[in-house]
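All remarks here apply to the structure that follows.
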Amino acid sequence: MTKDFLKTLYTEALHHELKEYLTFDEVYQLIETPKHSDHGDLAFPCFQLAKHKGQSPQQIAEELASLLKDPEFSRVEAIGPYVNVFLNGKALGPSIVEKVLSLNNEFGSHVFGKGKTIAIDMSSPNIAKPFSMGHLRSTVIGNSLALIANKCGYKTVRINYIGDWGTQFGKLIVAYTKWGDESKVRQNPIGELFKLYTKFHVEAENDSSLEVEGRKAFKLLEDGDPEITRLWKWFREESLMAFKKIYQLLGVEFDSYNGEAYYNDKMEEVVEQLKNAQLLEMSDGAEVVRLDDLNLPPCLIKKSDGATLYATRDLASALDRQNRYKFDQALYVVGQEQGVHFKQVFSVLNKLGYQWSDEMKHIPFGLYLKAGKKMSTRKGRVILLEDVLNEAIKIAHDNIKVKNPDLHHASEVAKAVGAGAIIFHDLKNDRQNAIEFSLEDMLTFEGETGPYIQYTHARAQSIIRKASDVQIKDYNGLSDIESWKIIKLLHQFPQVIEKAHHESSPSVLAKYLLQTAKSFNKYYGKTKILVDDEEKMSRLALVKSVTIVLSEGLFLLGISAPKEM
Ligand code: ARG
């Protein structure tokens, strides 16, 4: 991890006194941030030293506090067994603000990813089915992880592994042939196809021959039957068109759309490799790789009728991606319910001797729940994401009409705000937590929301517009506590990005942005920024650095930050 500059400063001063007892890194690791900011900016606990020195930690803290007299510290205090420091904001602020202003949107960038590639399997919806809330999560989390990785220097490949293969398409084709109506499907493809698919399951409950027919139809598809292939292609194209509308609204793009079907004719190679490595075993007529040694259920490779499976396709696609992109890491942003599947796939690759499988990671996320229960698409109760997005954009548009009727590019701004609300609503939650589905929450623009941060950013921009040009050297230090709080937050931005990357967790960044926006609004509420006095340019320089961090932070979440709203 990159070292924190303020913590380093304190470490240097402490280490100067403690060389005999602790290394620089040990001191650095021990430093904490006090829970209450009125207890200081940083705190050093003396318990470990007490063992070395044979004195009480309280005694040591007293002694140490009296020794630290750097001009960067406005106060050093022993609080029980801790040595707490109050940093001198006026002295330390300038280097931080200057750094933000001079680096501009490069502020917070890292180089540790340079020369490395991360492949990100994300979104990956299933054709002929509505785009689910789960796929929304995968899309926005994956997109943000890619943007954050880029910021850390990595090259990224966003892969949309479309679910366009499997027995369910056999079922759909049977349903369409029996009950489908071409013109209806043309009018409302996903809705109609989904209805047919649902009907299939209802009918199959009383008529088991349907399942058999479905499997047969899929086998025909795998073998390339022209009529069945034609239907499948048509369903696929219609679905992709509908999905692309959603991606356009969300502002997400992909480097590859190679989905499951793409691997249909590339699976023999994996099966061969597994055979040669003597990993394949027969079990109830199916071919499997046993993973008993890892306490995992066997990985199904081929069914008794020769049809391949989800896992087989994931094995083939992993080999292909390693070949094609030479990835250093591969992330699979997929719901946590597929945890075992990914463990199986990675373990099989490991058994085949592929070292790179160690760098493959499942990035799981929690479900969207409705009244505490899993939202099921099987039963046909679904909320269409496209409708939700359009509704959010409409609300944003209505707000603009009331608050800022002369705004230029109003529809563009409405799109940014509507999408921002939906994206942020997802990303602010810890990835692993389940989210209770609430349209109301998704369409709220106040409180802890994306639009709140967007508004804060636009407000800061409008202050800058009212003033003269802000220059890098304009910040000369402010002594009030609110501005120092903001500067301390700005200073954390690079580390927040690094942490979000290491934890594969955009919520770390989302929460940080909320905090920064709140801190700025507090400052703004108390301070007349544009008043003509000798601190005016310092205040403006601070406001400008806030715009830089907020807009770059939003960008890394996949949200745009309009300058006017
Ligand atoms: N299409 C799958 C689903 O909706 C997700 C695919 C995830 N990616 C993968 N490589 N298996 O459940």
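In listed order, ligands and their atoms are each counted from 1. Here the structure is a predicted model, which means the values were calculated and not measured.
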Nearest non-hydrogen atom to atom 1 (N) of ligand 1 belongs to which of V345, N126, V333? N126
Could you please spell out the steps behind the side chain to side chain donor-acceptor pair (under 3.5 Å) verdict for D164 and Y262? CA-CA 9 Å; D164 52 4; Y262 178 82; over 6 Å; no
Residue from F218, F235, Y310 passing ring pair (Phe, Tyr, Trp, His ring centres under 6.0 Å) with W165: F218
Close-contact set for ligand 1 against V334 heavy atoms, below 4.0 Å: 7 (C), 8 (N)
Basic-acidic side-chain contact under 4.0 Å: K361, D121: no
Is there a side-chain contact between F107 and I497, using heavy atoms and a 4.5 Å cut-off? no
Protein heavy-atom partner closest to atom 12 (O) of ligand 1 - residue, atom, separation in Å: Q338 NE2, 2.9 Å
Would you mind listing which atoms of ligand 1 come within a distance below 4.0 Å of any non-hydrogen atom of H135? 3 (C), 4 (O)
Count the heavy atoms of every other residue, nucleotide or ligand shown that sit under 6.0 Å from NE2 of H409, and state whether that count exceeds 12. no
Taking non-hydrogen atoms only, is F342 closer than 4.0 angstrom to ligand 1 via side chain, backbone, both or neither? side chain
To the nearest 0.5 angstrom, please state how far the CD1 atom of I148 sits from the OG atom of S144. 3.5 Å
Is it the case that ligand 1 has an N or O less than 3.5 angstrom from some N or O of D121? yes
Looking only at protein heavy atoms, which one is nearest to atom 9 (C) of ligand 1, and how far off is it? Y161 CD2, 3.4 Å
When only distance counts, is Y332 in polar contact with ligand 1, meaning an N/O pair under 3.5 Å? no
Return a yes/no value for D314: is any of its N or O atoms, backbone included, closer than 3.5 angstrom to an N or O of ligand 1? yes
Nearest protein heavy atom to atom 6 (C) of ligand 1, by residue and atom, and its distance? Y310 OH, 3.3 Å
Looking at K233 and E237, is there a salt bridge between them, counting it only when a charged N and a carboxylate O are closer than 4.0 Å? no
